[in-house]
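Here's the structure we're looking at; comments come further down.
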Amino acid sequence: MSEPRGPVDSSKVPRFAGPATFARLPRLDEVERCDVAVVGVPFDSGVSYRPGARFGPSAVREASRLLRPYHPGLAVSPFAALQVADAGDIVCNPFDIGQAVEMIEDAATSLMAGGTRLVTIGGDHTVALPLLRSVAKRHGPVALLHFDAHLDTWDTYFGAEYTHGTPFRRAVEEGVLDTEALSHVGTRGPLYSSRDLDEDRRLGFGIVTSADVMRRGLDETIGALRQRIGDRPLYVSIDIDVLDPAHAPGTGTPEAGGLTSRELLEILRGLAGANLVGADVVEVSPPYDHAEITSVAAAHVAYDLVSLFAIKEGS
Ligand SMILES: N=C(N)NCCCC(=O)O
Ligand SMILES: [Zn+2]
Ligand SMILES: [Zn+2]
């Protein structure tokens with residue numbers, strides 16, 4: 001098999017030159033095979049508060065220009081271990097949420113047809129539902145690690161079923177999740193009522209709050225999460241608002257008291273060797289960002305997700 005085609009060499013071509021692909025990787029149409037595709041979903045018609053996540057994919061690509069090819073924390077060169085490419089953006093209808101959800105599912109399913117894994121950059125959290133559907137078509141119901149300030153298991157908003165606050169309720173109803181292995185991490189902030197928690201528990205979720213992470217520490221947190229996941233096929237969905245607004249101001253529904261980017265990255269590194277089958281990073285809203293704080297964090301999170309695939313499949 002041919003050697004993977006890696007990113008543009010930033011010691012030869014300045015990293016600020018040329019159009020942005022994720023981590024300066026080749027585009028999908030420039031490679032013969034693709035193990036992991038980074039794909040954008042510029043969709044934010046499902047938000048309940050601040051918009052702008054439709055600009056997330058391009059901002060994360062811009063913020064990813066400084067990523068380098070070796071990951072010392074995981075001791076892996078992800079772009080040498082696997083062929084990673086930028087698959088561009090999935091085209092989806094900004095005026096019809098139901099149709100957008102179908103378009104995302106179809107596009108993700110065809111990208112994954114040859115065994116390519118996806119790391120998706122959103123877009124608001126609505127996009128997780130069609131992505132989970134396409135992953136479940138291939139792997140059956142998957143374990144879920146959901147990093148978020150919010151539960152996102154609400155039933156409807158204004159009667160709408162597909163919104164950024166409801167994807168995981170729909171996913172459980174549709175049977176695309178393995179209800180023995182569902183965890184929210186980083187949960188915090190006011191709820192509508194205590195019933196939100198009762199209903200979430202009834203759906204099968206366990207909750208590790210933001211305060212739990214701080215009180216228990218990272219090793220205990222990682223150990224408990226890994227025990228729940230076991231060797232099941234795992235999908236990781238990361239709403240960037242899991243980070244404290246100090247670490248991710250550029251998002252639609254910020255909540256005080258969140259994780260630091262260091263904590264999030266360390267928890268992700270603790271997943272090395274898990275049976276990862278798909279992942280997303282969502283809710284980056286560049287119009288509310290400052291100095292690329294949020295998109296830099298999201299770029300590093302996406303890089304860690306690609307690196308987890310490299311550890312699992314690249315050796
Ligand atoms: N950011 C996401 N995904 N969901 C937040 C929904 C919270 C709300 O509007 O009540
Ligand atoms: Zn959220
Ligand atoms: Zn969310």
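Each ligand, and each atom within it, is numbered from 1 in the order the structure gives.
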Once you restrict to heavy atoms under 4.0 Å, what part of [X] touches ligand 1? Side chain, backbone, both or neither.
X      : result
Asp152 : side chain
His150 : side chain
Asp241 : side chain
Asp239 : side chain
Tyr49  : neither

Close side-chain approach of Phe205 and Val172, heavy atoms under 4.5 Å: yes
Those atoms of ligand 1 less than 4.0 Å from some heavy atom in His125: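 It comes down to these atoms of ligand 1: 3 (N).
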Contact flag Asp148/the Zn ion (ligand 3), N/O/S atoms, threshold under 2.8 Å: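 Yes.
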Presence of N, O or S from His125 under 2.8 Å of the Zn ion (ligand 3): yes
Identify the protein heavy atom lying closest to [atom], giving its residue, its atom name and the separation to 0.1 Å.
atom                    : answer
atom 8 (C) of ligand 1  : Tyr157 OH, 3.2 Å
atom 2 (C) of ligand 1  : His164 ND1, 3.3 Å
atom 9 (O) of ligand 1  : Ser48 OG, 2.4 Å
atom 1 (N) of ligand 1  : Thr253 OG1, 2.9 Å
atom 10 (O) of ligand 1 : Tyr192 OH, 2.4 Å

Quick check: of its N, O or S atoms, which one does [X] have closest to the Zn ion (ligand 2)?
X      : answer
Asp241 : OD2
His150 : ND1
Asp239 : OD2

Val41 and its side-chain contact (heavy atoms from CB on, under 4.5 Å) partner, picked from Ile121, Val127, Val282: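 In the set Ile121, Val127, Val282, the residue that makes a side-chain contact (heavy atoms from CB on, under 4.5 Å) with Val41 is Val127.
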Between [X] and [Y] (side chain of the first, backbone of the second, donor and acceptor by atom type, cut-off under 3.5 Å), is there such a pair?
X      : Y      : answer
Thr294 : His290 : no
Glu30  : Arg27  : yes
Thr116 : Cys34  : yes
Asp280 : Ala128 : no

Pair [X], [Y]: side-chain N/O donor-acceptor within cut-off below 3.5 Å:
X      : Y      : answer
Asp152 : His150 : no
Asp200 : His184 : yes
Ser10  : Arg24  : yes
Asp212 : Thr209 : yes

Of the N, O or S atoms in Asp152, the one nearest the Zn ion (ligand 3): OD2
Smallest separation among heavy atoms of Phe168 and Leu177, with atom names: O-CD1, 4.3 Å
